[in-house]
Amino acid sequence: MSSKNAFVHVTAAALALLIGAAAHSAPPASSGTLAFTPVTLSDSGGAPIERAVVAFQNKDYEITLNGLGVGGAKGVKVAVSGEVYGLNRVEELEGVFVSELADAPPKEVSSDDLWLYSERGVSLRLHTDNPAITLATGGDTVTVQFGWEE
């Protein structure tokens, strides 16, 4: 085989590896979306974010979250939305989520962008429409349940 021919084969193989690696490392597609009820902050201490609607497989599910809140300037209206990753059955959404797992890969996170993880492999990425608003968990965990508590 000539050196030119070998170069073409090596280049083609390298290109195939790069394309395969890029396709393999693409971010996963979300399996659902989260839409939260907008909140107007009544004081600078923040407000709980407790109600959301999850869209999953062409159906909407009402959920209650316990342990999640937003903070910012008094009088600011906040819209929080998000994506759900790794959800195969809607039942996997209910349970306890933490903001970081010990073996989770580090993520680039800002105060208006929060990732939550469950032991079932479901991840929630929450973000606000305002980078001056802070999303935070009230403790170590956020609990997700179906239905809206009154």
#### Entry: Considering all heavy atoms, the nearest Gly86-Ser31 contact
N-OG, 3.6 Å

### Summary
Interatomic distance, CZ@Arg89 vs CD@Gln57, rounded to 0.5 Å, equals 11.0 Å

### Task
For the residue pair Val96 and Val142, establish whether any side-chain heavy-atom pair is separated by less than 4.5 Å.
no

### Query
So do Thr64 and Val144 actually touch side chain to side chain, heavy atoms under 4.5 Å?
no

### Within 6.0 Å of CG in Asn66, more than 12 heavy atoms from elsewhere
no

#### Entry: Any side-chain heavy-atom pair of Val98 and Leu116 under 4.5 Å
no

### Query
Out of curiosity, Leu124 CG to Ser118 OG, how far, rounded to the nearest 0.5 Å?
7.5 Å

### Nearest-0.5 Å distance that lies between atom OG1 in Thr37 and atom CD in Glu50
10.0 Å

### Query
Which atom names give the shortest non-hydrogen contact between Ala47 and Leu41, and what distance separates them?
CB-CD2, 3.7 Å

#### Entry: Val39, Leu65, Val78 screened by side-chain contact (heavy atoms from CB on, under 4.5 Å) with Ile49, the one that passes
Val39

### Message
Test your reading of the model: is there a side-chain donor-acceptor pair from Glu94 to the backbone of Phe146, 3.5 Å cut-off?
### Response
yes

### Query
Which heavy atom of Glu92 sits nearest a heavy atom of Val122, and at what distance?
O-CG2, 3.7 Å

#### Entry: Any side-chain heavy-atom pair of Asp113 and Leu135 under 4.5 Å
no

### Summary
Output for pair (Asp129 CG, Lys77 NZ), nearest 0.5 Å, gives 9.5 Å

### Query
Do the non-hydrogen side-chain atoms of Phe36 and Ser81 ever get within less than 4.5 Å of each other?
no

### Message
So, taking the atom named NZ in Lys74 and the one named OG1 in Thr40, what distance separates them when rounded to the nearest 0.5 Å?
### Response
12.5 Å

#### Entry: 4.5 Å side-chain heavy-atom contact, Val76 and Ile133
yes

### Query
Does the ring center of Trp115 lie less than 6.0 Å from the ring center of Phe97?
no

### Query
Taking side chain as C-beta onward, heavy atoms only, is Leu68 less than 4.5 Å from Leu114?
yes

### Query
At what distance, to the nearest 0.5 angstrom, does CZ of Arg125 lie from OH of Tyr85?
6.0 Å

### Query
If only atom types and distance count, is the side chain of Thr137 paired as donor or acceptor with the main-chain N or O of Thr141 below 3.5 Å?
no

### Task
May I ask you to test the Leu34-Val84 pair for a side-chain heavy-atom distance under 4.5 Å?
yes

